[in-house]
Asker: 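Dropping the structure in here first, questions after.
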Amino acid sequence: MLSAEPASPTACEALHDEIENDFRTSNHCVADSDCKVVRRGGWYVDFDCYKFVNTATDENALLDKIDTYKNRMGCGRKINDCMPAGLPVCVQGKCTGKK
C-alpha cells in the first residue's frame, strides 16, 4: 500500500543506500555452498535483477526493506526484465553467478 505522500528524494536515497549496503555486507563466502541468489525483478530492478549473498543472510528482512522503499515510501520507478542469475558460486571470497 502506497503512503498518502511519497517520501522525499533524500529519504529514498538514504534507504536505497542502506539496502545496497546490506546486500554488499551480506556478500561473503568461503565455499560455493555459502552462496545463494536473491532473485528480484520488476520494480526490484532498483537494486539490480538479483544479488548474490551468504546463505545465512535473512532474505526476508532485505525484501521487507525493499517493500518499505517501494510501497510505503513510494520510492523507485525502474522496471525491467532480468536475465537468469546463474548458479551461485564463491569466487575470491564473494558470491557471484556462474553462467
Side-chain angles (χ1 to χ4, degrees):
M1 172 179 250
L2 288 174
S3 60
E5 193 171 309
S8 71
T10 302
C12 289
E13 184 176 334
L15 184 55
H16 184 279
D17 291 349
E18 180 180 329
I19 292 167
E20 284 291 1
N21 187 60
D22 288 348
F23 278 116
R24 196 171 22 262
T25 59
S26 297
N27 186 354
H28 56 90
C29 58
V30 175
D32 292 349
S33 60
D34 294 336
C35 299
K36 69 178 179 180
V37 63
V38 177
R39 298 180 194 282
R40 297 171 329 279
W43 58 264
Y44 289 116
V45 175
D46 279 315
F47 302 96
D48 299 323
C49 290
Y50 42 80
K51 296 283 190 184
F52 294 93
V53 297
N54 187 279
T55 56
T57 300
D58 183 349
E59 184 175 338
N60 289 328
L62 287 169
L63 295 177
D64 285 347
K65 271 190 185 180
I66 294 172
D67 182 65
T68 295
Y69 176 82
K70 174 63 178 175
N71 292 321
R72 294 187 207 150
M73 294 177 67
C75 304
R77 300 287 180 253
K78 297 178 185 177
I79 298 175
N80 202 349
D81 291 326
C82 299
M83 299 293 292
L87 180 70
V89 294
C90 185
V91 177
Q92 297 180 341
K94 297 287 183 190
C95 297
T96 189
K98 179 180 178 183
K99 303 290 180 197

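Hydrogens, waters and symmetry mates are skipped; everything else that's a heavy atom, side chains included, is used.
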Asker: Roughly how far, to the nearest 0.5 Å, is the OG1 atom of Thr68 from the CD1 atom of Ile19?
Answerer: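 The CD1 atom of Ile19 sits 7.5 Å away from the OG1 atom of Thr68.
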Asker: Testing Asn27, Thr25, Leu62 for side-chain contact (heavy atoms from CB on, under 4.5 Å) with Thr57, which one passes?
Answerer: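 Of the listed options, the one satisfying the test is Leu62.
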Asker: Atom CD in Glu13, atom OH in Tyr69: separation rounded to 0.5 Å?
Answerer: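 OH of Tyr69 is found 9.0 Å from CD of Glu13.
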Asker: Nearest 0.5 Å, what's the CG-SG distance between Asp17 and Cys12?
Answerer: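 It is 11.0 Å, given to the nearest 0.5 Å.
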Asker: So if you build clusters from Ile, Leu, Val, Met, Phe, Trp, Tyr with side-chain heavy-atom gaps below 4.5 Å, do Phe52 and Val91 land together?
Answerer: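 No, Phe52 does not connect to Val91 through the hydrophobic network.
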Asker: Please check if the number of heavy atoms outside Glu18 that lie under 6.0 Å from its CD is greater than 12.
Answerer: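 Yes.
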Asker: About how many Å separate OG1 of Thr55 and NZ of Lys36, when rounded to the nearest 0.5 Å?
Answerer: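 Rounded to the nearest 0.5 Å, the NZ-OG1 separation comes to 7.0 Å.
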Asker: If every non-hydrogen atom of Ala85 is compared with every non-hydrogen atom of Val37, which pair is closest and at what distance?
Answerer: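 Taking every non-hydrogen atom into account, CB-CG2, 3.7 Å.
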Asker: For residues Gly97 and Val89, report the shortest heavy-atom separation together with the two atoms involved.
Answerer: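 Residues Gly97 and Val89, closest heavy atoms: C-CG2, 4.4 Å.
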Asker: Nearest 0.5 angstrom please: Asn21 CG to Leu15 CG, how far?
Answerer: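 One gets 11.5 Å once the value is rounded to the nearest 0.5 Å.
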Asker: Taking all non-hydrogen atoms of both residues into account, name the closest pair between Val38 and Val53 and its distance.
Answerer: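 Looking at all heavy atoms of both residues, the closest pair is CG2-CG2, 3.7 Å.
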Asker: Check the SG atoms of Cys95 against those of Cys90: under 2.5 Å or not?
Answerer: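 No, the SG atoms are not under 2.5 Å apart.
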Asker: Report the distance from atom OG1 of Thr96 to atom CG of Asp32, rounding to the nearest 0.5 Å.
Answerer: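 It comes to 10.5 Å.
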Asker: Does Lys94, at its NZ atom, have more than 12 non-hydrogen atoms belonging to other residues, nucleotides or ligands within less than 6.0 Å?
Answerer: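 Counting neighbours around NZ of Lys94, more than 12 heavy atoms of other residues, nucleotides or ligands fall under 6.0 Å, so yes.
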Asker: Less than 4.0 angstrom from a charged side-chain N to a carboxylate O is my criterion; do Lys65 and Glu20 meet it?
Answerer: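 No.
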